[in-house]
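Written below as structure tokens is the structure these notes are about.
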Amino acid sequence: MKVRKFKPGDWVKVKGSPDTTKMEVVKYILNDFPILDKVNDGNYLECVYYRNGERISKIIHENRLLKHWETGGIYKT
């Protein structure tokens with residue numbers, strides 16, 4: 001059984017950059033890289049954040065992320 005670092009709904013940010021945006025984890029994904037002839041082992045996350053009311057989605061490896069303890073705050077009403 002694989003241990004996962006994050007679960008859907010967790011708030012994360014990218015390691016190493018103090019000005020990165022806060023993102024919400026949507027789900028773990030399995031995707032392949034046909035150019036490199038590789039299939040990942042389920043360590044990639046789909047994360048979402050909002051900028052100027054536009055939803056932006058990113059796919060990031062779980063080892064590049066840190067859990068953000070302050071929740072909420074990315075949604076505009």
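Because only heavy atoms are used, hydrogens play no part in the values below, and waters and symmetry mates are left out as well, while side chains stay in.
Follow the hydrophobic side-chain contacts under 4.5 Å out from Val14 and you never reach Leu66; the two are in separate clusters.
Of the inter-residue distances, the one linking Trp11 atom CH2 with Glu24 atom CD reads 4.5 Å to the nearest 0.5 angstrom. For the atom pair Leu65 CG and Lys13 NZ, the distance stands at 11.5 Å (nearest 0.5 Å).
A side chain to side chain donor-acceptor pair (under 3.5 Å) with Tyr28 is found for one member of Lys7, Glu62, Arg4 and no other, namely Glu62.
Looking at every heavy atom in both residues, Arg64 comes nearest to Ile60 through CB-CG2, 4.0 Å. Contact between Val12 and Cys47 at its shortest, heavy atoms only, is CG2-SG, 4.1 Å.
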Next item on the list: For side chain to side chain donor-acceptor pair (under 3.5 Å), just list the numbers for Lys5 and Asn63, CA-CA rounded to whole Å, side-chain angles, deciding distance to a tenth of an Å, and then say yes or no.
Entry: CA-CA 9 Å; Lys5 294 182 179 182; Asn63 290 343; 2.7 Å; yes
Checklist line | Val48/Glu46 under side chain to side chain contact (heavy atoms under 4.5 Å, CB included): CA gap, chis, key distance, verdict | finding: CA-CA 7 Å; Val48 65; Glu46 180 181 358; over 6 Å; no
